[in-house]
Amino acid sequence: MPELPEVETIARGVDKRIRGDRIVQVWFSRHPQPFKTPRARQAKGLSGRAILAVHRTGKHIVFELSPLTSAPDAHEREALRPCAQWIVHLGMTGRLLVATPESPVAPHTHARLSLESGLELRFVDPRRFGRLEFRDLHRQAAFGAPGDEPLSIGQREFASLFRGRRLSIKAALLNQTLLAGVGNIYADESLFNAGIRPRRRADRLTLIELERLRLALREILTHAILLGGSSVSDYVGADGERGFFQLEHCVYQRTSEPCRRCQTPIRRVIVAGRGTHYCPKCQR
DNA sequence: CATTTCACCTGGTGGC
DNA sequence: TGCCACCAGGTGAAAT
């Protein structure tokens, strides 16, 4: 399941390969679910625009797009101000691939963007939990994740996110309107790292515990980005390469295996409706 | 309003 | 070997 490090890895890979390229033709599947913006308006909006940059916000990949009539030269495109955005959320099983047009089209391909360079950007998503959205910045506000970025939030703001919240700390970490980008893997891993049980009420954590959690989150996410994310189930980057952070998981999907710190078997419970892994000895 | 539950999906798994 | 019930989980809507 792509979370912040996986989405960051993919956004960087896509940016590197197609920044400055131009969308010349768009094909979409007939399934309605992935299209947050109606298919026809989305296809019309994308066609003819240059891709100025690709970056991540929370778990979303944002394509900054040029105006429809723009400089023909790739150098001049860099200087253009974005006039539209294409926003991709990968859901559970979504993938963005940069391919050549003749390479076989995977099952469950929902979008194919033909580029001026001859390359093709594809969105593949078997479960169809992913979403594609188009924004015309003359008519709509630029995309902004509602929650704060866990990599840049400071000590005070982090602590204030959880004040007066009676839900579990795990549920709070998964809430994208508080923090943007944390999913099941990194919630479990950061709580282990900070020595906090997932079921603890968010508003009962001490300031010291909250700060341990913020630093654990920052460290784990940064390290995971460095390793190209966690390849569990079928996640791969834009070039089809796997990440390596799954090898460093301490609790996630390690049920009954010995804790890396104290050898106690890792426990699995359901918290906030999600499979949740923790060490009963290291986490209080 | 805050919080919890559920539906949406398909591929992989495990039981028989 | 083959079939099938079951489960994973990000998100948003519905329920509490």
Side-chain angles (χ1 to χ4, degrees), chain A residues 1-11 28-38 56-62 87-96 105-111 123-133 143-150 160-191 198-205 217 221 224 229-236 242-243 245-246 249 251-256 266-278:
Chain A
M1 50 250 56
E3 304 178 26
L4 189 152
E6 292 76 35
V7 177
E8 178 70 35
T9 301
I10 292 164
F28 286 144
S29 76
R30 293 169 314 284
H31 288 101
Q33 297 96 331
F35 302 96
K36 193 167 173 183
T37 307
R56 175 198 65 79
T57 299
K59 292 179 192 171
H60 297 263
I61 300 168
V62 181
I87 300 133
V88 176
H89 192 292
L90 300 172
M92 285 285 298
T93 53
R95 296 166 61 180
L96 271 181
V105 177
H108 309 292
T109 297
H110 298 290
F123 174 67
V124 181
D125 186 12
R127 248 170 260 189
R128 306 205 290 275
F129 283 4
R131 292 292 178 265
L132 305 176
E133 179 185 0
F143 176 80
D148 286 299
E149 280 288 329
S160 72
L161 289 180
F162 305 102
R163 204 162 295 146
R165 306 221 170 249
R166 304 167 67 85
L167 73 178
S168 66
I169 186 61
K170 163 109 180 196
L173 286 175
L174 295 177
N175 183 342
Q176 300 296 299
T177 65
L178 297 177
L179 280 179
V182 180
N184 209 34
I185 297 173
Y186 298 100
D188 282 4
E189 292 297 320
S190 64
L191 286 169
R199 280 207 232 263
R200 292 272 304 282
R201 247 175 67 170
D203 63 356
R204 297 265 176 91
L205 297 186
L217 213 37
L221 293 171
S230 301
S231 282
V232 295
S233 66
D234 53 2
Y235 161 78
V236 288
R242 294 168 58 82
F245 190 71
Q246 70 281 4
H249 290 174
V251 288
Y252 183 75
Q253 285 191 347
R254 294 194 65 244
T255 311
S256 303
I266 298 303
R267 206 170 280 178
R268 182 182 187 279
V269 293
I270 302 294
V271 181
R274 295 290 168 251
T276 298
H277 315 74
Y278 71 100

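Chain naming here is simple, since letters A, B, ... match the order of the sequence lines and numbering starts at 1 in each. Just so it is clear, the values below take in all heavy atoms, side chains as well, and ignore hydrogens, waters and symmetry mates.
- Put simply, the side chain of A:L90 does not reach to within 4.5 Å of the side chain of A:R95, judged on heavy atoms.
- Heavy-atom minimum distance, A:L174 versus A:G183: CD2-C, 3.4 Å.
- Within the 4.0 Å cut-off from OP1 or OP2 of C:dT11, at least one side-chain nitrogen or oxygen of A:Q176 is found.
- To the nearest angstrom, P of C:dT11 lies 9 Å from CG of A:L174.
- Nearest-nucleotide positions on DNA chain B for A:H31 and A:G273 put A:G273 closer to the 5' end.
- In this structure, A:R128 reaches the sugar-phosphate backbone alone: every heavy-atom distance under 4.0 Å involves primed, P, OP1 or OP2 atoms, never a base.
- Between the C1' atom of C:dG12 and the CZ atom of A:F35 lies a distance of 19 Å, rounded to the nearest Å.
- Regarding contacts with the backbone of C:dA8, a side-chain N or O of A:R268 is found under 4.0 angstrom from either OP1 or OP2.
- In this structure, the CG atom of A:D125 is 11 Å from the P atom of B:dG11, given to the nearest Å.
- Side chain A:R165 to base B:dT4: no donor-acceptor pair is found below 3.5 Å.
- Within 4.0 Å of A:G275, counting heavy atoms only, lie sugar-phosphate atoms of the nucleic acid but no base atom.
- Distance A:I270 CD1 to B:dT4 C1': 14 Å, rounded to the nearest Å.
- Rounded to a whole Å, the CZ atom of A:R127 is 14 Å from the P atom of C:dT11.
- Close to B:dT10, at under 4.0 Å from its OP1 or OP2, lies no side-chain N or O of A:H108.
- Note on A:Y252: every side-chain N or O is 4.0 Å or more away from OP1 and OP2 of C:dA8.
- Remark: C1' of B:dC6 and CZ of A:F129 are 12 Å apart, rounded to the nearest angstrom.
- Every residue two or more places apart in sequence or in another chain that forms a salt bridge (Lys or Arg N to Asp or Glu O under 4.0 Å) with A:D188 is listed here: A:K170.
- Recorded end-axis angle for the helix from B:dA2-C:dT16 to B:dC16-C:dG2 stands at 50°, based on five pairs per end and rounded to 10 degrees.
- With respect to A:I185, the side-chain contact (heavy atoms from CB on, under 4.5 Å) criterion is satisfied by exactly one of A:H277, A:Q253, A:H249: A:H249.
- In terms of modelled atom types and a separation under 3.5 Å, the side chain of A:Q176 and the main chain of A:G181 share a donor-acceptor contact.
- Separating the NZ atom of A:K59 from the C1' atom of C:dG12 is a distance of 13 Å, rounded to the nearest angstrom.
- Although no hydrogens or angles enter the test, the distance criterion places a donor-acceptor pair under 3.5 Å between the side chain of A:E149 and the main chain of A:G58.
- Distance A:Q253 CD to C:dC7 C1': 12 Å, rounded to the nearest Å.
- Among the atoms of the strands shown, only primed sugar atoms or phosphate atoms (P, OP1, OP2) are found under 4.0 Å from some heavy atom of A:R166.
- Ring-centre distance between A:F245 and A:Y186: below the 6.0 Å cut-off.
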